[in-house]
Amino acid sequence: MTVKSKAFCGVALGLFLAGCAGGPAALPPAPSTPVQSTELPPLDVTPAPEPAGSDVVAGETLPDADTDPLVADNANAQVAGSAFSAPASAAAVALSRTDLLGAWTLASDGDTCQLFMTLTTWSGGFRATTRRCQNDQLTSVSAWRLDDKLLTLIGQDGKVVGQLYPETKTRFTGELVANKRPVSFFR
């Protein structure tokens with residue numbers, strides 16, 4: 001070590017010790033004011049917007065199958081020309097889009113995987129995703145739509161993958177459109 005570096009170290013050590021000798025400076029206390037509380041306004045719970053292409057106008061009520069024969073015919077119509085139609089129990093299930101949100105178990109032809117449904121507007125309906133599906137049709141699901149009691153699963157290409165009706169609020173059954181195989185989801 002050179003004489004200059006020893007002198008520098010000595011000065012630095014002296015300044016350090018001088019700073020420590022004075023002890024920590026006391027900080028002034030933080031100003032304290034009383035905490036105020038007020039009532040928050042109620043949450044604005046407005047329904048999610050309808051997906052693009054929907055015929056429903058905000059605030060409009062949908063026609064009832066008891067008063068509109070066209071709705072009754074559509075509710076009982078067969079799916080994509082197949083032998084599948086709404087089960088009798090579907091008529092008794094009161095259903096809204098919010099009943100469908102979240103995670104479900106999806107099953108078809110021995111394949112069991114997960115289906116997730118949200119109210120994010122997506123191509124042809126609302127966003128849906130599947131996870132751990134082996135069946136190509138189930139893997140392609142990217143949207144869903146609820147028309148009266150008919151739930152339609154839509155693929156990434158915009159084509160209908162499957163159509164299901166509720167047995168209960170937690171179990172839906174139907175068929176895949178391409179191969180007419182049974183499909184269900186439940187929780």
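Values reported hereafter were calculated over all heavy atoms of this structure, with side chains retained and with hydrogens, waters and symmetry mates removed. Bear in mind the structure is a predicted one, so any value in this text is a computation, not a measurement. Each residue takes its place number in the sequence, starting with 1.
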**Prompt:** Between CG of Leu176 and CG of Asp109, what distance do you get to the nearest 0.5 Å?
**Reply:** 8.0 Å
**Request:** Specify whether Phe172 and Phe185 have parallel, tilted or perpendicular ring planes, treating 30° as the upper limit for parallel and 60° as the lower limit for perpendicular.
**Result:** parallel
**Asked** Do Asn135 and Arg181 come close enough that some side-chain heavy atom pair is under 4.5 Å?
**Response** no
**Prompt:** Just wondering, do Leu151 and Tyr165 contact through their side chains at under 4.5 Å, heavy atoms?
**Reply:** no
**Prompt:** Is Thr173 close to Leu164 at the side-chain level, that is, under 4.5 Å between some pair of heavy atoms?
**Reply:** no
**Complete:** Between the CD atom in Gln163 and the CD1 atom in Ile154, the distance rounded to the nearest 0.5 Å is 9.5 Å
**Request:** Supply the atom-to-atom distance Thr129 OG1 to Trp122 CH2, rounded to the nearest 0.5 angstrom.
**Result:** 10.0 Å
**Message:** For a side chain to side chain contact (heavy atoms under 4.5 Å, CB included) check, start with the C-alpha distance between Leu146 and Asp99, then their side-chain angles and the critical distance, and finish with the verdict.
**Reply:** CA-CA 11 Å; Leu146 181 63; Asp99 294 325; over 6 Å; no
**Message:** Rounded at 0.5 Å granularity, tell me how far CG in Asn179 sits from OG in Ser108.
**Reply:** 6.5 Å
**Message:** Could you check whether any side-chain heavy atom of Pro166 comes within less than 4.5 Å of a side-chain heavy atom of Arg171, counting everything from C-beta outward?
**Reply:** no
**Asked** At what distance, to the nearest 0.5 angstrom, does CZ of Arg97 lie from CG of Leu119?
**Response** 6.5 Å
**Request:** State, yes or no, whether a side-chain contact exists between Cys133 and Asp111 at a heavy-atom distance under 4.5 Å.
**Result:** yes
**Asked** Is the shortest heavy-atom distance from the side chain of Phe126 to the side chain of Thr120 under 4.5 Å?
**Response** no
